Amino acid sequence: MSKKVRVRFAPSPTGGLHLGGVRTVLFNYLFAKQNGGDFIVRIEDTDQGRFVAGAEEYILNTLKWCGLEPDESPLHGGPYAPYRQSERKANYKQYAEQLVHDGYAYYAFDTSEELEAKRKEVPNFQYNQFTRGGMNNSLTLSKDEVQEKLVSTPYVVRIKMVEDETVVFTDMIRGEVSFNTSQVDDKVLLKADGMPTYHLAVVVDDYLMKISHAFRGEEWLPSAPVHILLWKYLGWEADMPQWAHLPLILKPDGNGKLSKRDGDRLGFPVFAMDWTDPKTLETTIGFKERGFLPEAFVNLLAMLGWNDGTDREIFTLKELVEKFSMERVHKGGAKFDYEKAKWYNHEWIKGSEVESLESGVKTEFEKNGVVITDHTLLAKVIGLVKDRCTLLPDFVQQGSFFFQSPDTIDVAAVKPKWDEKKNLFFTELIRAYELSTLWEVHDLEKEFKELAAANQLKPGDLMLPFRIMLVGGKFGPGVFDIAALIGKGETVRRIEHTLGLIEH
RNA sequence: GGCCGGUUCGUCUAUCGGCUAGGACAGCCCCCUUUCACGGGGCAAAGACGGGUUCGAUUCCCGUACCGGCUACCA
């Protein structure tokens, strides 16, 4: 009885994919998968002025990284191709004509300059039921004039908003929402270049692609009445999707929608992945490149405006598909908190299996010039340090000394308390370790402490110097864990090296 | 300005009219750790305001305030 669930994400390819955009994708995806439906990506490239090369590919790549692959898209194909509105251009005009023919729309010949002048002259000028009588359009011009202008000048098609009617619809998140048509203006449906505006394109394509549920950002709420009227005027009311207007993601400080600028200003990513503007060649950092795990990114996005009603905060995509419900999506916008975002990543890194971290961590090391040849060692290192890594690049700081000698040794941290007794201890330690046949954490610690006792030194005074010899600074996992992993030769070499540095 | 939407700790949020308003992030303190983290424990921190309805309102209704979105031949 009820039709198949089909949802769509309809971005316009103008740049990087923003947090809010990915969350819209996520909610679409979760709803579709939960209901055994299809998730479609349709590219809304009707504004050639704002079109940015590469943006479409970037968007699809981002979805892939997030694990939110569409069932149908320009890339994946599908039964309702093409999935780019620019390639569907021929579709729209007939519907615009139909609307004009049925009296729901009209041709308007006012030039951009004329409209601009009008807006200057009349504050808050709206092209609507009260003003259209004074403009150049098929409602005010004679039939002959209209015919003549239709062939000789550019024109647009505008919706003829009815007077004083209440448009009511039920939003899945907000409940009943109503608008009076006298407040809404005569939106352009078909532009002078023959391209539809969003308003026409979205209803025509949602109809043609049999979309059952339309989810989009709250910023679209004010134009919902236009779309609903269009569904009605085109005679498709029975097929109209159910609407849900998602709350916005807000700036962490102050108020307003979160924008790319805020990320630049506050030092955190706003785009999912790195985005390089093809014109300015400026790169904006993404969550991926900052070292977020896609699972964590999806998780944190889901929790921005939704929860399952319990205290639980960590969910896999699969769990989200099961538990998600549009009814539990909030009405109000949420300020984005980068600290909390990092917490999600940390939780995911801690909870991830070593194997699933390997390739990402290896990439980070290589980016920093640390060559990984021993993958058994890599796995051990990841297991040892992952609890202390919030973002993937933290592995480099926490673990590169396992693969190569530290670049710098913080000699200044040991020198002030250095004395001949300590020097002697480490010299003896070298010999003891060289002679040792066992190289396990436990044995290393035992030998170290016994030798300290024999020299009447407190182990506590020796651990820090030892740590600095091995890792270069005051950080990292347990010293004996480190010594055990890097091996006898390397341990001895690093002690000797630092001893040499202290001498001078 | 107009229309529409929103409003619980600093932030994200829980609460299907009955509360000592719960959790998480951040903050602070303590423990653990002879580094730094992780971990464990604790402290502090909220119902915008005013009216109703009700035995009882954070929860329902109205108004006010504040915040946001929209108001393009952009999406």
Side-chain angles (χ1 to χ4, degrees), chain A residues 10-14 44-47 49-50 108 110-112 115-116 119 123-128 154-158 171 173-174 177-180 182-185 187-199 201-202 216-225 245 247-248 250-257 300 303-314 330-344 346-347 350 385-390 394 397-398 413 449 452 458-468 470-471 473-479 482:
Chain A
S12 85
T14 53
E44 309 234 341
D45 53 350
T46 55
D47 184 358
R50 297 210 311 157
D110 318 272
T111 64
S112 312
L115 289 171
E116 207 174 304
R119 289 193 183 100
N124 298 321
F125 173 78
Q126 296 281 289
Y127 205 119
N128 61 18
Y155 62 89
V156 300
V157 174
R158 284 180 184 271
D171 184 282
I173 294 168
R174 283 148 220 286
V177 182
S178 65
F179 295 85
N180 188 293
S182 58
Q183 300 295 338
V184 354
D185 61 339
K187 291 277 180 232
V188 168
L189 301 178
L190 198 71
K191 301 188 256 190
D193 64 3
M195 277 288 196
T197 59
Y198 172 81
H199 306 295
V202 75
R216 67 221 309 194
E218 189 187 349
E219 69 268 28
W220 290 108
L221 204 45
S223 50
H245 291 87
L248 268 12
L250 277 13
K251 302 177 195 296
D253 61 338
N255 296 297
K257 273 202 280 194
L300 74 91
M303 302 310 285
L304 232 39
W306 176 87
N307 69 79
D308 76 340
T310 73
D311 289 338
R312 187 163 173 200
E313 298 188 89
I314 303 298
H330 302 155
K331 297 181 174 81
K335 286 185 186 172
F336 179 67
D337 181 358
Y338 187 54
E339 291 306 316
K340 184 84 187 221
K342 285 194 291 191
W343 175 80
Y344 279 103
H346 192 185
E347 289 301 308
K350 283 192 293 175
V385 306
K386 72 183 170 107
D387 282 0
R388 53 189 72 212
C389 296
T390 298
D394 294 344
Q397 149 80 358
Q398 291 294 333
K449 288 187 173 168
K458 280 187 280 186
D461 294 336
L462 302 164
M463 301 272 272
L464 187 68
F466 191 32
R467 164 176 301 282
I468 287 171
L470 297 188
V471 315
K474 300 183 210 173
F475 56 89
V479 270
I482 298 168

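Lettering of chains follows the sequences in order, A, B, ..., and the numbering in each one begins at 1. Treat the numbers as computed from the prediction; the structure is a model and nothing was measured.
Within the structure, every side-chain polar atom (N or O) of K449(A) is placed at least 4.0 Å from both OP1 and OP2 of U34(B). In this structure, K257(A) reaches the C70(B) phosphate: one of its side-chain N or O atoms is under 4.0 Å from OP1 or OP2. For C73(B), one of the phosphate oxygens OP1 or OP2 lies less than 4.0 angstrom from a side-chain nitrogen or oxygen of R158(A). Between C3(B) and Q126(A), no contact under 4.0 Å exists linking OP1 or OP2 to a side-chain N or O. The phosphate of U13(B) (OP1 or OP2) has a side-chain N or O of H330(A) nearer than 4.0 angstrom. OP1 or OP2 of A75(B) has at least one side-chain nitrogen or oxygen of T46(A) nearer than 4.0 Å.
Heavy-atom contacts from other residues, nucleotides or ligands closer than 6.0 Å to NZ of K331(A) number 12 or fewer. Within 6.0 Å of the NZ atom in K458(A), the count of heavy atoms belonging to other residues, nucleotides or ligands does not exceed 12.
In this structure, Q398(A) reaches neither bases nor backbone, as no heavy-atom distance under 4.0 Å exists between it and the strands shown. R119(A) comes within contact range of the sugar-phosphate backbone alone, with a heavy-atom separation under 4.0 Å but no base atom that close. Within the nucleic acid shown, G256(A) comes within 4.0 Å of sugar-phosphate atoms alone, with no base atom in reach, counting heavy atoms only. No engagement by P123(A) is indicated, since no non-hydrogen atom pair under 4.0 Å with the nucleic acid exists. L248(A) comes within 4.0 angstrom of the backbone, heavy atoms only, and of no base. Among the atoms of the strands shown, base atoms are found under 4.0 Å from some heavy atom of G460(A). Across all strands shown, V156(A) has heavy atoms under 4.0 Å from base atoms, whether or not it also approaches the sugar-phosphate. Across all strands, S223(A) comes closer than 4.0 Å to no nucleic acid atom at all (heavy-atom distances). At a threshold of 4.0 angstrom between heavy atoms, the contacts of G305(A) are confined to the sugar-phosphate backbone, with no base atom among them. Counting any heavy atom pair closer than 4.0 Å across all strands shown, K458(A) reaches no nucleic acid atom. Nucleic acid contact class of D308(A) (heavy atoms, under 4.0 Å, all strands): none.
Between R467(A) atom CZ and U35(B) atom C1' the separation is 4 Å, expressed in whole Å. Rounded to an integer number of Å, the gap from CG of N307(A) to P of C12(B) is 13 Å. Rounding to whole angstrom units, CZ of residue F125(A) and C1' of C3(B) are separated by 18 Å. As a whole-Å value, the separation of K335(A) NZ from U11(B) P is 5 Å.
With distances taken from any side-chain atom of L221(A) to the nucleotides A75(B), C25(B), G5(B), the minimum falls on G5(B). In the set G68(B), G2(B), C25(B), C25(B) carries the atom at the smallest distance from any side-chain atom of E339(A). Minimum atom distance to the side chain of A192(A) is reached by C73(B), of the listed G23(B), C38(B), C73(B).
Taking 4.0 Å as the cut-off between side-chain N and carboxylate O, R119(A) and E116(A) do not count as a salt-bridged pair.
Partner assigned to C70(B) is G2(B), using Watson-Crick or G-U wobble distances below 3.5 angstrom.
The gap from the C1' atom of C62(B) to that of U54(B) amounts to 16 Å, rounded to the nearest Å. U13(B) and U59(B) have their C1' atoms separated by 16 Å, given to the nearest Å.
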Could you walk me through whether I173(A) and E218(A) pass the side chain to side chain contact (heavy atoms under 4.5 Å, CB included) test, one step at a time?
-> CA-CA 10 Å; I173(A) 294 168; E218(A) 189 187 349; over 6 Å; no

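You'll find a donor-acceptor pair under 3.5 Å spanning the side chain of K340(A) and the base of A24(B), going by distance alone.
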